[in-house]
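Below is one structure; the comments refer to it alone.
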Amino acid sequence: MPPIALILFGSPGSGKGTQSRLVGERCLPGPHISTGDMLRAHIEAGDTIGAEIQGLMKSGRLVPDELVNRLVEKRLSQPDARGGVILDGYPRTVAQAAEVRRMLGLGGMLPVVVHLVVDYDRIVARLSGRRQCPVCGTLYSLSTNPPKVPGVCDLDGATLVTREDDQEEVIRERLGEYDRQTRPILDYFSRDGIEVVEVNGADADPASISQRICAALENAHSQQGPGGCL
Ligand SMILES: [Zn+2]
């Protein structure tokens, strides 16, 4: 059976980070490859690639596909990636998607695309219900973890505020941006004969949702058939 490369998509607030971790623990023990983390690690290390990335960001330009692809390809060639990987935050463009197809094909890996779908109103309700204490930084949630006295920090009595990132229009803007960026990539995979498995990421607890993703991986493997290869 070919090793699996799980390509996990999910909007901000969909629980994608949690699911990457849970799926890794439950059924896909290979490395969790996050391009965001890789870029940050290079910047922190202060190496040549880090300097290149910082220069691009300072001038307000995007990190080019070619550089991101090169980092991912290098990471995929490490011995610990041979048994399977989770790709998080990659591919982010159609050009990157075409490239990851090629890389996984070369490595004999089976790509499985999972889209964690959460109703946007639900995400907005959850994130916009967050309040923060401007003094001590404690976060509250009006639905799951409210302060004892409405609008006031339990620890120091300061008046709670809604962070800029948690304002409804800011959240909706980010979700819209996610859609505009992701839809063409999912369409690309579908057209290319790779099924996009949509997993409901909202109607159960995180452990049950990770079970669904693992079932999708299992299913993709069994559709390969005995001795199947790419
Ligand atoms: Zn406080």
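Ligands are counted one by one from 1 in listed order, and the atoms in each one are counted from 1 as well. The figures here come from the full heavy-atom set of this structure, side chains too, leaving out hydrogens, waters and symmetry mates. Count residues from 1 along the sequence. Note that this is a predicted model, so its numbers are computed, not measured.
Taking 4.5 Å as the limit, every side-chain heavy atom of Arg21 sits out of range of all side-chain heavy atoms of His32.
Cluster membership check: Ile86 does not share its hydrophobic cluster with Leu22, using side-chain heavy-atom separations under 4.5 Å among Ile, Leu, Val, Met, Phe, Trp and Tyr.
Note on Asp154: not counted as a metal contact of the Zn ion (ligand 1), no N/O/S atom lying under 2.8 Å.
Note: angle at the Zn ion (ligand 1), from SG of Cys153 to SG of Cys133, is 110° (rounded to 10 degrees).
Between the side chain of Asp65 and the backbone N or O of Gln96, no donor-acceptor pair lies under 3.5 Å.
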Steps toward disulfide (SG to SG under 2.5 Å) verdict (Cys27, Cys214): CA-CA 6 Å; Cys27 65; Cys214 287; 2.0 Å; yes

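For Asp156, the N/O/S atom at the shortest distance from the Zn ion (ligand 1) is named OD2.
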